[in-house]
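Right, one structure below, let's go through it.
Whatever order the structure lists them in is the order used to number ligands and atoms, beginning at 1. Residue numbers start at 1 and run along the sequence shown.
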Amino acid sequence: MKKHNFSAGPSILSEYTIQKTAEAVLNFAGTGLSILEVSHRGKEFVAVCDEARAMIKEILAIPEDFEVVFLGGGASMQFCMAPYNFMEKKASFLDTGTWAGNAIKEGKFFGEVNVVASSKADNYTYIPKHYEVPKDSDYFYYCTNNTIFGTELHEDLHVGLPVIADMSSDIFSRPIDFTDYILIFAGAQKNLAPAGVTLAIVRKDALGKVSRPIPTMLSYKTHVDKESMFNTPPVLPIFSALQTLKYYKELGGVEAIQKMNKAKAELLYAEIDNNPFFKGTVTCKEDRSLMNICFVMNDGKEALEDEFAKFATSKGIVGIKGHRSVGGFRASCYNALPLESVQALVDCMREFAAAH
Ligand SMILES: *Cc1c(COP(=O)(O)O)cnc(C)c1O
């Protein structure tokens, strides 16, 4: 049976990415060796790494003054690396969920952390608006897509300060306005590659401004200067990332991908809103994520949750169990998920409703 992979992360990759990765595991670039066993400094892999960085710049139309680097440690490492490199005294944060919360926690190791607004009291069912960001902040920080709670900032914010964003779960899903950013980072395992590599897009002239010494590996400058080759980078995930980037280019780039994501999300949200057995968890509709679509059984239908979960499994639907802090279901509709899979979930919800 065809599987429809709605996993939140690690998550679905394009068939192209998986096929090309499998081929390179057996015979990489005609070397007769597996990509798993060759030097990261060999000309074949250096070409892969350079091409991947160049394609990221091309696909996202990244301005000249930024550099793209591949790092280890997951997106979570960036929660400390960002303040280490950019916070002199104080930074402001928008608290929109667990991942923003983790960044806030790490920020406190480096200076004064100012939370401008939080939707925590309402279990992060919306994204706060109308807040002041103090002008004496070194930067403003937010997470564009809240993977766990299913809310998303659909635009880049401009607050008259440098901005840092965690785009782990919505990078490459829309065009980005780089005007105010000094750092954008994203763990690969949602929209790019297998787990193990983190993408960082760093504004070069924002580096070297904090007074504290920074350990070599935790300094963006190290990786920028050495073009991601200071030490052994995550070779296989970078190779896979390049395949995904080629696939994205073939699809027509981020504008085309955004259109497809909107069509998928509209289809599923319409079913959630119209099917009396289900309801969405995000209270502010304009904040609904196109990537992670959270829903629960409607009032009075709660007892059917396990039954629906089993029914969906029987239809080949994988990975829709909601995060424990929200409950219910979460359908992650990342870039590589075809519309056909969303249609399969919608059909399953309709069939379930008709049978009860
Ligand atoms: C998954 C995720 C993370 C954590 O990524 P790791 O690579 O596991 O550290 C951070 N932020 C967001 C928005 C995520 O979706």
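- Heavy atoms of Gly9 stay at 4.0 angstrom or farther from ligand 1.
- In Asn145, the part holding a heavy atom less than 4.0 Å from any atom of ligand 1 is the backbone.
- Residue, atom and distance of the protein heavy atom nearest to atom 9 (O) of ligand 1 are Ser76 OG, 2.6 Å.
- Assignment of Met77 to the shell around ligand 1 is not supported, since no heavy atom sits closer than 4.0 Å.
- Considering only heavy atoms from C-beta on, Met55 comes within 4.5 Å of Lys249 through its side chain.
- To the nearest 0.5 Å, atoms CD1 (Ile18) and CG (Leu13) are separated by 5.0 Å.
- For ligand 1, the polar-atom distance check finds an N/O of Ala75 within less than 3.5 Å of one of the ligand's N/O atoms.
- Proximity to Ser169 (heavy-atom distance under 4.0 Å) selects the following atoms of ligand 1: 13 (C), 15 (O).
- A cation-pi arrangement, defined by a distance under 6.0 Å to the six-membered ring centre and an angle within 45 degrees of its axis, is absent between Lys190 and Tyr334.
- Ligand-side atoms of ligand 1 in range of Gly74: 7 (O), 9 (O), range being under 4.0 angstrom from any heavy atom.
- At a 4.0 Å heavy-atom cut-off, ligand 1 touches Cys143 through the side chain alone.
- Residue contacts with ligand 1 for Phe79 involve side-chain atoms from C-beta outward but no N, CA, C or O (heavy atoms, distance under 4.0 Å).
- Not one N or O on the side chain of Asp138 forms a donor-acceptor pair closer than 3.5 Å with the backbone of Ala91.
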Can you give the donor-acceptor pairs under 3.5 Å from side chains of residues 101-109 to other protein atoms, not counting sequence neighbours?
none

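- At least one N/O-N/O distance between Thr147 and ligand 1 falls below 3.5 Å.
- Side chain of Asp166 to main chain of Ser168: a donor-acceptor pair is present (N/O by atom type, distance under 3.5 Å, no hydrogens or angles).
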Let me have the donor-acceptor pairs involving side chains of residues 226-240, under 3.5 Å, with sequence neighbours excluded, atom names and distances please.
from   : atom 1 : to     : atom 2 : distance (Å)
Ser228 : OG     : Phe70  : N      : 2.8
Ser240 : OG     : Thr21  : OG1    : 2.9
Ser240 : OG     : Leu236 : O      : 3.4

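- In this structure, Asn123 contributes its side chain and Thr125 its backbone to no donor-acceptor pair below 3.5 Å.
- With respect to atom 8 (O) of ligand 1, the closest heavy atom belonging to the protein is Gln189 NE2, 3.4 Å.
- In terms of protein heavy-atom proximity, atom 2 (C) of ligand 1 is nearest to Lys190 NZ, 2.5 Å.
- Considering CD of Glu271 and SG of Cys348, their distance stands at 10.0 Å, rounded to 0.5 Å.
- Here the protein heavy atom with the shortest distance to atom 11 (N) of ligand 1 is Asp166 OD2, 2.6 Å.
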